[in-house]
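Down below is the structure, laid out as structure tokens.
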Amino acid sequence: MSEPTAMESTKPTRLTKPTKLSGPAKTDRDTGTGKEPGTAAGASRGRRSPALVAGCVLVGLIVAIALVSLFWVPYAPDDTSGGRLVPPGLPHLLGTDKLGRDLLTQLMTGARIALEAGLGAIAIGAALGVCAGLAAGFATRWLDDTLSTLLDVLIAFPTLLLAMLMVAARSASLGTAVLAIGFAMTAVIARLTRILVKRVLALDYITAARTSGTSWPRVITGHVLPNIWPTLVVNLAQQFGLAVMAEASLSFLGLGAPPPNASWGRMLHEAQATVFTAPTGVVAPGVLLVMLVVGVNLIADGLRDTLDPTRRRTR
Amino acid sequence: MISYLLRRLAFLAGSLFLAGVVIFLLLRTLPGDPANSLLAVGASPEQIAAARHEIGSDRPLPEQFVTWLHQLATFDLGNSFISTLPVGPEITSRLDVTVPLTLLSFVLAVLIAVPVGFVAAHRSATWYGTLISGISQLGIAVPVFWIGMILITVFALQLGVLPAGGFPQDGWAEPGEALTSLALPVITVALVMSASLIRYVRSAALDVLGSDYLRTARALGSSFGRAMWRHGLRNGAVPVVSVLAIELATTLLGAVVVETVFALPGLGSMLAQAVAQHDYPTVQGVLFVSTFAVLVIGFLGDIAQRLIDPRLRGRLSGGAR
Amino acid sequence: MNEFEKSGPAVPGAKTADAKTSRTVAAGPAPGPAAPAATVLDVRGLTIRTDQGRALVSDLSFSIGAGSRLGLVGESGSGKSLTALAVLGLLPPGMTASGSVVLAAGADGPGAEVVGASEQRLTGLRGRAATIVFQEPLTALDPLMRIGGQVAGPLRRWRGLRGAALRRAVREALEQVRLPEPDRIIRAYPHEISGGQRQRVALAMALACEPALLIADEPTTALDVTVQSEVLALLDGLVAERHMALLFVSHDLAVVSAVTDHVVVLKDGSAVESGTVDEIVRRPRHPYTRDLVDSARHLESALERIVR
Amino acid sequence: MTNPIRPDSVPPNAARSGLTQSDSAGVPAAVDSPAGGVPVLSARDAGFAYRGSPPVLHGISLDITAGHSVGLVGESGAGKTTVLRLLLGLTRPTSGRILFDGTDLRLRDREQMRRFRRAVQSVFQDPYSSLDPRQRVGGIVSEPLRSLGLTRSRQDDPRVAAALEAVGLPADAAARYPHEFSGGQRQRIAIARATVCEPRILLADEPVSALDVTTRVRIVDLLIELKETRGLTIAMVSHDLSVVAALCERTAVLERGRIVEQGDTPAVLGTPTHPYTRRLITSVPRLPSAKEV
Amino acid sequence: GSGNDNKSTTPSGSYDKNATIGIGSLYEPQNLDNTGGGGQGVTEALNGNVYEGLFRLTDSGKVEKQLAEDYTVSPDGLTYTFKLRDGVTFHSGKKLTSADVKYSIEKVTAENSQSARKSSFDMIKSIATPDPATVAVTLSSKSISFVYNLSYVWVVNSEAKDLKTTEDGTGPYKLDKWTRGSALSLDRFPGYWGTPATNAKVVFHYYKDATALNNALLTNAVDVVTSEQSPDALDQFASNPAYKVNDGKSTTKLLLAFNDKVKPFDNVKVRKAVSSAIDNKKLLQSVWGDHGTLIGSMVPPTDPWYEDLTKINPYDVTLAKKQLAEAGYAKGFDFTLDTPNYDPHPTAATFIKSELAKVGINVKINIITPDEWYTKVYKNHDFGATLQEHVNDRDIVWYGDPDFYWGYDNKQVTEWVKQAEQSDTTDEQTALLKKVNNQIAEDAASDWLYLYPQIVVASTKLSGYPLNGLNSQFYAYAIKKS
Ligand SMILES: Nc1ncnc2c1ncn2[C@@H]1O[C@H](COP(=O)(O)OP(=O)(O)OP(=O)(O)O)[C@@H](O)[C@H]1O
Ligand SMILES: Nc1ncnc2c1ncn2[C@@H]1O[C@H](COP(=O)(O)OP(=O)(O)OP(=O)(O)O)[C@@H](O)[C@H]1O
Ligand SMILES: [Mg+2]
Ligand SMILES: [Mg+2]
């Protein structure tokens, strides 16, 4: 009994009802050919995506800076001996701010804050969001209707609004900002999780698992989660970028990490007044911020291509 | 459709009430004494007590809630703790800035994003297709305030062609002046918004471009442009519309930053200030009005989606995706 | 065109067998190098490559004369659909065709080369010179547009109809494919009608173009057997009536043999055998064809034993 | 166990029930259970409606007896899949009952469900969506064993290897992922999963419809082989009458949620009484006969 | 009207009598009532412009008669009799009478009054209005500051209905329009009793953000900024001939306030050591560049009892270390600095932290909201040290209150402060308060980090604007635009 090789029949002939195959199931059907019909870009992307590499380089740089700042910074963060608004050069490579603090030092600690904010928010958002999304994904009918519409409404509420409320309650700090951003993110992640869960649950292998006598908890851990995580991870990477931006915006408004911490957003705010006299203060944190966010977005895109080659670049 | 509308409206009302309760409770659980902000450092405890009594923050929660609901029913959003002036009229006057700002940005963003996103999809293999994707990628990563700062520096401070901020005191009584002062903020928001919209439009366009019905239309002799016009546009709109609704709501409420940078007397800056002052009635009022706006936008988005996509009609939840 | 307007209710495809035998006599050109003057489609050395250079279809040649029917058979992934798309110049982006595909542009004018033609030129050919009915009737129709509007598209384009005349033509087109309650269906959206009905709509749209060549890419695989046989019969009748050429693509030899007289068997993108239906079915020469025929017979035999 | 009663042995007319029978009042008895004794799985006057929709099944009565494979035919949307879902215990009928070994199937009764799951396994139509793409084949095939507490191991259980071998897959398949296999091979994996715990009944929803003709023949052969060597009883939904004719001793014809005709396959398909059945039979496309005219 | 005492802005020859003056400010009124929570902004916009008092405080800190034509004090110092100016009408057209004055004073002292000055009128026993042009106020105890305090009392029309969104004062301008969140405009009042305003209209434009305000000035959206809060931006004005940067004297002091009742700050030596360890000059320099002044005590130069006391606790790290050692903290100590979350406090806190690190004191910065500050520090005295700006003039008297939040308790000082208020002459008062001033500096009751500059940046087209803006008032009626 010879079967056609996997290569020959990567596409099924469907003789009956059109079965709309979605996301995760489709995923590996085409890994055989490594291609996505309909998009030339998809076809040209190999297994190691250039986006992923570029993203890793950018993010890696920021992470490296943050790590180095843990052990070494050129000056103490609150060392004000530098003199007011010294232009870039030696000994202050990027110059100083109005208090005479070294800008490079602040940028380096700022990297740490940005990463902490992103990771913290993602951790909170993912923990709450995935649980809520799973719950909604398994809920039926009106409960699901209610939950999903509720999520739709919540999603429309911007992170900043929520953060402002929480800051009003708890006073500005990195923790508050991260908490607020994390909460705001929860709805987005929950909604995505819900959709992914619904999609996976509609697939036959879930029915097969159930008729094999597999219990619901094991269906979740054994089938649902492994099949949704690639898409989820891609999205979390994107959310990470948004979280970093949100923290910067909060700090810009004075609602983020309080002053001794050199958050990039706060640095930008402080440097606003000296756009002309000391432009480094505005340019440097901005560039790093953009690098980090672009970096994680590239990683997200790259991950999508490698983990999930058939999914079109949504968003 | 009618029954859907009714159910959806009922849901709208329910959400609104729920949102009201949540907003109220959220605010009351915040620590910090509103009366504190009323008084300069030299106030006596008696003065504070008197102030509290006047604003009603010394009464039990349920009583305050009922009062609030009662006020809402009569379209009264109460008086500010701080200024003791009614909240409603001020919100209305702030909306004069925020609503045009949001809508204009929104329209501009859509005008930018739809053609650009389409080109990015249609020409995804070419260098400029990639370039567009790259730029939109970058656009998403640039904070609003940075763009705002740069635009101010270039157009207001260097070139001096547009005002750096502010809004005419007489508002829309001088439409020309009002529009000029909104120019930079609108461009700022539109740039940021279109950066992310382009990605949605691009992916919707990619779906359309790869679709069977488009191929069928072309096989039947439609030119590509015609097929896109007749079939592509509407099909591409389905996923984009749901995103648009969210973007619109986000911009409406997320105007704080841009209003700060451009010194606009909008709802966002009003809220920011009220939050800082623990001015509950104001925060409450702004939040409530915002929630209402968000729900209505969502409602309209849903209706729009259902008008476009007959497959969704009759389904209460679930957008395009 | 006159013929189209005159034709009343078409002959139902009940008498398939009769129609076929008569057609076989009027045999079109056999797939081979020499194509007679009335050739509607002439494919020479067609090769389709991905942008990485992998050949999905290689060196395929066949031709179809006016009024004749050719079946393209092969298992899933053998390149049938790509071939059909290449004929219309509708290959997915990134894929390139080489060789030559010539479609008869007018009644007897010189053929038009499809490979390498400009998009504008192709748009002029598609619909009139050749058109296609796809396998998946749900996705082939615009989900957001009423059936009436979709059928009206080609009618307006090809026959220049407007207003009331157009509405009448739409209704007629739907009646032609024997759709029940045409008035309801005109107002319906694709998701509101059944698969068989959708496929009839797709057929009506293709026929509205009055093409010289109709390509049917597995038009019935998504359908129930009962519906399948109805649609096949309909297709058979309508094509005969209009004296169209037909390129019928399917993996199912039995289905192909029901509507065509000549068959090209495709394996891994190249033709392994071609000939009349009878030759292929009764005396398959290539082992692959033999396997195909044997399998079909094997399955049929169980039913044969019972039904006879 | 391995002695299926030849369907031919039952006289055609005696073994048919008509449309009227299932319409009769009261709980219809299992229709002419063949000499096999108690049915393993049966539906008694079962009706079903999806929530918020009108009923899609009406008074379905069907018996699956050991050794008598059943084919369920009918047009798209007739309710075939839904019947199967009821028989699989995935949903409760809105009226009527589902019996397993003569007792009511209670979805909450863990003990009974364990026995039920062990005895009744399933295969689905789409070979692509029915295998978890992120599990190795060994994990997929051993899942019933693990879920039913028959093994802890993911791949090493000898039963997994045996099941894979029985469906004609190489032993090293266990370590690979589904996407490395073709549609036909995937369907074999699905069958291996369904047979690994040696069930008595295999419920299959269009198990070969998605496959090429050549592949289809091989899978049908495999199923016949399993019937004969393992005494497996198959209840199968298919719109392909040839497959039903080849595999099933008995046939039930479903039209718009009602069984309009059921009985031994040769009887039902050979001398159909219901017009729908007749139409079904004449619709099957045939090759021109092998002999030259 | 009352004379123009804005000496430092040179009046240019010709000016536009019908000019509109755009004034940029960060302080928007909450409402238009200064006894009803109008805030700093309402004083800035309306004080002296729309509303007038019996007396007025000039830009240099002098008290002058305004609506009071004359007044007498009884020999016991307890009864003040004011004679009102004739021919004064409110913007509504009503004539000013003594009833309005009585009403206005009572409005400040009313139970629901939110006026910060309320307590300074506690000693009023009764107010009599013997005739429409005479008001007699009887006090229960002597108060040398009474007349000064009256300069804060706006005389309003006793019959006015809504003083929160409209006004009815006697000043040279009447309210044109108040657009909340955006601007407040005033029109010249034609029926003004005194010299009419030198411009037709002033518009206060309100900004939330100093940078936005500066941009407005740079793009000519406003002509003058009342109080520049972003010194970093000053360079761009200083170097631009189209603008003039004016350095005035404010009354706002930035304090490092110790809790003088708790360890280790109950020890004078520790307080002095901390004061000496911080280089106030450098701090001022980094926050304000070349602007602002060091005063070394609580008294700003516009108060009559001002003395330069910066020498008492000079910046001297060795001295600081010595004093610390004497106090028993040779190795330094740790303390938490409660810091309000808005500028310049966090900046100053960072600076202080790095300065004190040099003498071994480890500062933990605790950022808190104004609310928290009010509850934790001001009300509950639950703190070690805090940063706070004190904006009012003549507020040295708080050191005479042992229950005030900083807990400074010196019997002698308390007595002096009390006596000063009871003095018969201002000289007497001044002498006493100077003693107080010296004493608190000797005790380093707090560390007075610096006195804010009052920087008015204006287009060079403008003249006649006030420079010191005492208590945030901004007299606009003498501004001329060429
Ligand atoms: N857009 C595409 N990009 C890359 N490869 C493709 C694309 N479309 C089809 N292919 C490959 O080309 C080969 C031929 O595909 P084609 O669709 O022509 O097969 P087919 O004979 O029509 O099969 P089926 O019976 O399943 O429709 C297959 O191997 C398929 O995987
Ligand atoms: N989840 C569902 N909710 C509501 N209606 C459903 C659902 N699933 C199926 N139906 C309806 O129930 C009827 C029977 O469906 P079922 O899937 O059982 O038919 P089938 O005979 O298996 O068809 P096919 O041959 O196309 O698979 C159909 O009319 C279908 O539209
Ligand atoms: Mg195909
Ligand atoms: Mg089914």
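A, B, ... follow the sequence lines: proteins, then strands. Residue 1 opens every chain.
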Taking ring pair (Phe, Tyr, Trp, His ring centres under 6.0 Å) as the definition, give me every residue that meets it alongside A:F183, ordered by chain and number, with sequence neighbours left out.
none

Between D:D101 and D:R115, which heavy-atom pair has the shortest distance, and what is it?
OD2-NH1, 4.5 Å

Interface moiety of D:R118 toward chain A, non-hydrogen atoms closer than 4.5 Å
neither

Side chain from CB out, backbone as N, CA, C, O: work out which of these in A:R218 comes under 4.5 Å of a heavy atom of chain D, or both, or neither.
side chain

Taken to the nearest 0.5 Å, the spacing of D:L105 CG from D:L99 CG works out to 8.5 Å

Mind jotting down which residue pairs meet the ring-ring contact (aromatic ring centres under 6.0 Å, His included) criterion with at least one end in residues 208-227 of chain A? Sequence neighbours excluded, please.
A:F138-A:W216

With a 4.5 Å cut-off on side-chain heavy atoms, are A:M185 and A:I124 touching?
no

Side chain from CB out, backbone as N, CA, C, O: work out which of these in A:T207 comes under 4.5 Å of a heavy atom of chain D, or both, or neither.
both

What part of D:V196 lies closer than 4.5 angstrom to a heavy atom of chain A: side chain, backbone, both or neither?
neither

Partner chain A: residue of D:P199, D:P144, D:A190 with the largest heavy-atom pair count (under 4.5 Å):
D:P144

Test: D:R85 and D:D205 ion pair at under 4.0 Å:
no

Under 4.5 Å from a heavy atom of chain D, the part of A:A202 involved:
neither

Does any backbone or side-chain atom of D:L131 lie under 4.5 Å from a heavy atom of chain A? Answer side chain, backbone, both or neither.
backbone

